[in-house]
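As the structure is a computational prediction, the values presented were derived from the model and not from experiment.
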Amino acid sequence: MRTNTFLDWEVSLSEELHAVIDEKAKKMVVMGGFIELNAVLWVDEEGVLQLKPTWDCVISINAAEKKITIRPAESFGEI
């Protein structure tokens, strides 16, 4: 897992995923490969973290520690 910081959240991504972060827009796009979109994270105008996953990813949220983990759905059986 690779760890990124998105605002005050720690986001861990599987090795095959990478993040594009726009701090000014308060948005983070998670990509697999060159064009496969896995998730979009953003903070709305009220300061609430929003997540838009795709069907092929699993997102785990630990709100107490402000940690998010994103991984491909093929590892869904490991839950």
Taking the side chain as every heavy atom from C-beta outward, state whether [X] and [Y] have any pair of such atoms under 4.5 Å apart.
| X | Y | value |
| --- | --- | --- |
| Glu23 | Leu7 | yes |
| Val30 | Val40 | no |
| Pro72 | Ser14 | yes |
| Val11 | Thr3 | no |

Shortest non-hydrogen contact from [X] toward [Y]:
| X | Y | result |
| --- | --- | --- |
| Pro53 | Ile59 | CB-CD1, 3.5 Å |
| Lys27 | Trp42 | CG-CB, 3.7 Å |
| Glu15 | Met1 | OE2-N, 3.1 Å |

[atom1]/[X] to [atom2]/[Y] distance, rounded to the nearest 0.5 angstrom?
| X | Y | atom1 | atom2 | answer |
| --- | --- | --- | --- | --- |
| Arg71 | Leu13 | CZ | CG | 12.5 Å |
| Lys26 | Gln50 | NZ | CD | 12.5 Å |
| Lys67 | Ser60 | NZ | OG | 12.5 Å |

Do [X] and [Y] belong together in a cluster built from hydrophobic side chains that touch within less than 4.5 Å?
| X | Y | value |
| --- | --- | --- |
| Ile61 | Leu41 | yes |
| Met31 | Ile68 | no |
| Leu51 | Phe6 | yes |

side-chain contact (heavy atoms from CB on, under 4.5 Å) partner of Met28, the single match among Ile21, Ile70, Asp22: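 Considering Ile21, Ile70, Asp22, a side-chain contact (heavy atoms from CB on, under 4.5 Å) with Met28 is found only for Ile21.
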For [X] and [Y], indicate whether the former's side chain and the latter's backbone hold a donor-acceptor pair under 3.5 Å.
| X | Y | result |
| --- | --- | --- |
| Asn62 | Lys66 | no |
| Arg2 | Leu17 | yes |
| Ser12 | Thr69 | no |
| Glu10 | Thr5 | no |

